[in-house]
Amino acid sequence: MPLFEVNYIAIYTIVLAFIFGTVLASFITCTAGRLLAGMDWINEHSHCDTCGHQLGALDLFPIFSYLLLGGKCRYCGAKVPIRCLISEVLLGFVFVAVVVLHGMIDVIMVRNLLLAMLMMGISFCEIDGKVIHGGFITAILVIWIGALPFVPDLQNYIADGVIACFLICGFFLVISYLRTSKGKGGFKPGFIKLMAVYLLYTGLYAGVAFLAVSFILHMFVKPFKKTIVPAMSVCCLIFLCCMTDRMDPTLIHGYIAAVADYIKVF
Ligand SMILES: [Zn+2]
């Protein structure tokens, strides 16, 4: 249903999105940290990283717990990194933005929210541990597959995503191969895999656009310089939320006709 048809539903959804964003931010930062440390990320209870004390319900309220405890552990007084607070507020606002930009309350909205959460996790893993974690890439792929029945014009959607994957990732694989054969470093395999799953979501045209913008961000904007993963994630999400219809179905036939023409020329 459309988000802005009934006022109170819109407000309710936006508030709920913010709350879910803050809660899931602490979940995903915690998960990213545990994956990097090689710990069990499902069964282990939340605990203070300094004293190891198990955290109670009162310590786990996003934003409020941090502010009420003055950014310190209730049990040992150790400082809790300010990033916990920042990531909670950030994902809260990202969730609100995703909901508002999408403008519909549907499965695709939920898919985009989950994707935003996983993007935060994969970015933190890369920033902290220089690892593009395969678990996150798999989760992003699983969500893409899970939401397929709810995508309009499914056949072209899949074709567009797969074509984008093969063309653009193929291009980067060739560059990577040329670089390694010249003795320079190639791309990380994780980087190509992550790009492939993002391209499944965006398709070819938006894929080229979001990659171009993310390379520019990575090169020229300071917070994104360290690694390209956050820039790629942010751009992919923005393009995904702003696109209503990702491509004209006839374009697929256009591609094939163009390739056929090209082959005929030779
Ligand atoms: Zn502690």
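In each ligand, atom 1 is the first atom listed, and ligand 1 is the first ligand listed. In this text the structure is predicted, and so the values were computed from the model without any measurement.
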Pair D49 + K79: basic N to acidic O under 4.0 Å: no

Salt bridge (Lys or Arg N to Asp or Glu O under 4.0 Å) contacts in which one or both residues fall within residues 85-111, not counting sequence neighbours: none

Worked check of ring pair (Phe, Tyr, Trp, His ring centres under 6.0 Å) between F95 and F20: CA-CA 8 Å; F95 269 33; F20 268 109; 7.8 Å; no

More than 12 heavy atoms of other groups within 6.0 Å of K225 NZ: yes

Side-chain donor-acceptor pair present, Y201, N112, cut-off under 3.5 Å: no

Short side-chain to backbone donor-acceptor contact, R34 and M39, under 3.5 Å: no

Number of protein N, O or S atoms [distance to the Zn ion (ligand 1) under 2.8 Å]: 4

